[in-house]
Amino acid sequence: MIGTALFSWKHHSQTLGLSHAWLWTGAVSYAHRAGMRCVLVADDQGADYLAGRLGLPFAEVLTLPTLPDELTHVRDLTKLSALKLLADRGEAVIHIDYDAFIRKPLPDSILTAPFAGEYYYPAKAFIRHVNETLSHKRLDIITQGIGGGIMGGTALERIIEVCEDSIRIGTHPENRQALIGANGYQASVLLGEASFASAFPDAVELLKHGNSNAEEYRRLGYVHLASLKEDRGAMAQAAELVRLDFPEEYRKTFERWDA
């Protein structure tokens, strides 16, 4: 049974705003309340901000392996490096994005799965487009992706293989210019969600009805802001959830952020 919730971060040029600080507080606090051991893999600046200045309750903070600064916008390189780091030391984990709240414990089917993600979805055209721009392509055939708000499992050798292959392609010198100019989200979907879906066609899905069934989200107690991070109303609702469920942590986050 997986008992570790993994979080990851690599710094970028902009300081995290208060609303994003509250997302981090919520994501980690909910995982902690669900009984999971929370681990952060981050570069020095990320660790200083999240574990140091914000004081989030991580049981362990590990140093993120070196990644090119010019590829920081390709976020899944950080996620893949974190997953590989834990898998290399023999630890099965579920990676949780900082904008995902598990307001109820994850089902046993997720915590015992060889690999689990949010849900499968048909591959979008942009995934193939990014792949085609690369001198060294990541996949030969792209048919689907698997949502990565939560992602991980017990099949460590297969997880390591996916991570190694995606990191190798993502950091290959002959792919550098294409990825520097790529949309970071789209490149991340190729290296992360599409790559894992290709390697794990048998993954366990958290959301059996995809992202279109609000009742399923409520039943599971699952919240994933994803693209809604640009929506002020959605961000305000997320902050209010954190305030109601973790009033003391909410207050401390504001005080520490404000300082």
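All values below were derived from every heavy atom in this structure, side-chain atoms included, with hydrogens, water molecules and symmetry-related copies excluded.
In this structure, the side chains of Asp76 and Ser166 stay at 4.5 Å or more apart for every pair of heavy atoms. Using a 4.5 Å cut-off on side-chain heavy atoms (C-beta onward), Pro122 and Thr143 make no contact. Counting only heavy atoms from C-beta outward, the side chains of Val28 and Pro57 approach each other to under 4.5 Å. By the 4.5 Å heavy-atom criterion applied to side chains, Leu191 and Leu77 are counted as neighbours. Taking 4.5 Å as the limit, some side-chain heavy atom of Glu193 sits within range of a side-chain heavy atom of Met151. Tyr250 is not listed as a side-chain neighbour of Lys252, based on a closest heavy-atom distance of 4.5 Å or more. Using a 4.5 Å cut-off on side-chain heavy atoms (C-beta onward), Tyr217 and Leu207 make contact. Taking 4.5 Å as the limit, every side-chain heavy atom of Glu157 sits out of range of all side-chain heavy atoms of Ile160.
Looking only at distances, a side-chain donor or acceptor of Lys104 sits under 3.5 Å from a matching main-chain atom of Arg219. Proximity of a side-chain donor or acceptor of Ser198 to a complementary backbone N or O of Ala194 within less than 3.5 Å is not detected. The closest donor-acceptor contact from the side chain of Asn183 to the backbone of Gln186 lies under 3.5 Å.
Checked for salt-bridge contact, Lys208 and Glu205 miss the test: no charged N lies under 4.0 Å from a carboxylate O. A salt bridge does not link Lys10 with Asp44: none of the charged nitrogens is closer than 4.0 Å to a carboxylate oxygen. The residues Lys84 and Glu161 are annotated as not salt-bridged, no charged nitrogen and carboxylate oxygen being separated by less than 4.0 angstrom. Residues Asp97 and Arg75 are not paired through a salt bridge, judged by the lack of any N-O separation under 4.0 Å between the basic side chain and the carboxylate. Under a 4.0 Å N-O distance rule, the pair Arg218/Glu215 qualifies as a salt bridge. Comment: Arg243 engages Glu240 in a salt bridge, judged by a side-chain N to carboxylate O separation of less than 4.0 angstrom.
Hydrophobic clustering of Ile, Leu, Val, Met, Phe, Trp and Tyr side chains at less than 4.5 Å, counting indirect connections, unites Ile110 with Met1. The hydrophobic cluster containing Ile167 does not contain Leu156, counting ILVMFWY residues as joined when their side-chain heavy atoms lie under 4.5 angstrom apart, directly or transitively.
The side-chain contact (heavy atoms from CB on, under 4.5 Å) test with Ile142 singles out one residue from Lys137, Arg128, Glu132, Lys124, and that residue is Arg128. Tested against Trp9 for a ring pair (Phe, Tyr, Trp, His ring centres under 6.0 Å), the candidates Tyr98, Phe58, Tyr49 yield a single pass: Tyr98. For the side-chain contact (heavy atoms from CB on, under 4.5 Å) test with Tyr30, the passing option among Thr25, Leu241, Ile96 is Leu241; the others fail.
For the residue pair Ala178 and Leu134, the shortest heavy atom distance occurs at CB-CD2, 4.1 Å. Taking every heavy atom of both residues into account, Ala27 and Ala100 meet most closely at CB-O, 3.4 Å. Of all heavy-atom pairs spanning Val130 and Ala187, the tightest one is CG1-CA, 4.0 Å. In terms of heavy-atom proximity, Tyr120 sits nearest to Ala203 at OH-N, 2.8 Å. Among all heavy-atom pairs drawn from Arg53 and Arg256, the shortest one is O-CB, 3.3 Å. Minimum interatomic distance between Ala51 and Val61 (heavy atoms only, all atoms of both residues): CB-CG2, 3.9 Å.
Remark: Thr72 OG1 to Asp69 CG distance equals 5.0 Å, nearest 0.5 Å. In this structure, OH in Tyr185 is found 4.5 Å from CZ in Phe126, a value given to the nearest 0.5 Å. Within the model, atoms CG of Leu18 and CE of Met235 stand 9.0 Å from one another, a figure rounded to the nearest 0.5 Å.
A 6.0 Å sphere centred on NE2 of His172 holds more than 12 heavy atoms belonging to other residues, nucleotides or ligands. When the shell of 6.0 Å around CD1 of Ile141 is examined, it contains 12 or fewer heavy atoms from other residues, nucleotides or ligands. Around atom CG of Asp202, more than 12 heavy atoms belonging to other residues, nucleotides or ligands sit under 6.0 Å away. Applying the 6.0 Å contact sphere to NE2 of His136 captures more than 12 heavy atoms from other residues, nucleotides or ligands.
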Apply ring pair (Phe, Tyr, Trp, His ring centres under 6.0 Å) to Phe115 and Phe196, showing your working. CA-CA 9 Å; Phe115 191 79; Phe196 276 117; 4.6 Å; yes

Any chance you could lay out the salt bridge (charged side-chain N to carboxylate O under 4.0 Å, His left out) test for Glu60 and Arg89, step after step, and finish with the verdict? CA-CA 14 Å; Glu60 187 175 11; Arg89 71 179 198 178; 2.7 Å; yes

Apply side chain to side chain donor-acceptor pair (under 3.5 Å) to residues Glu118 and Tyr222 and explain how you reach the verdict. CA-CA 10 Å; Glu118 288 178 318; Tyr222 185 60; 2.5 Å; yes

I would like to know whether Asp43 and His11 meet side chain to side chain donor-acceptor pair (under 3.5 Å); could you show each step before the answer? CA-CA 7 Å; Asp43 62 0; His11 78 278; 2.3 Å; yes

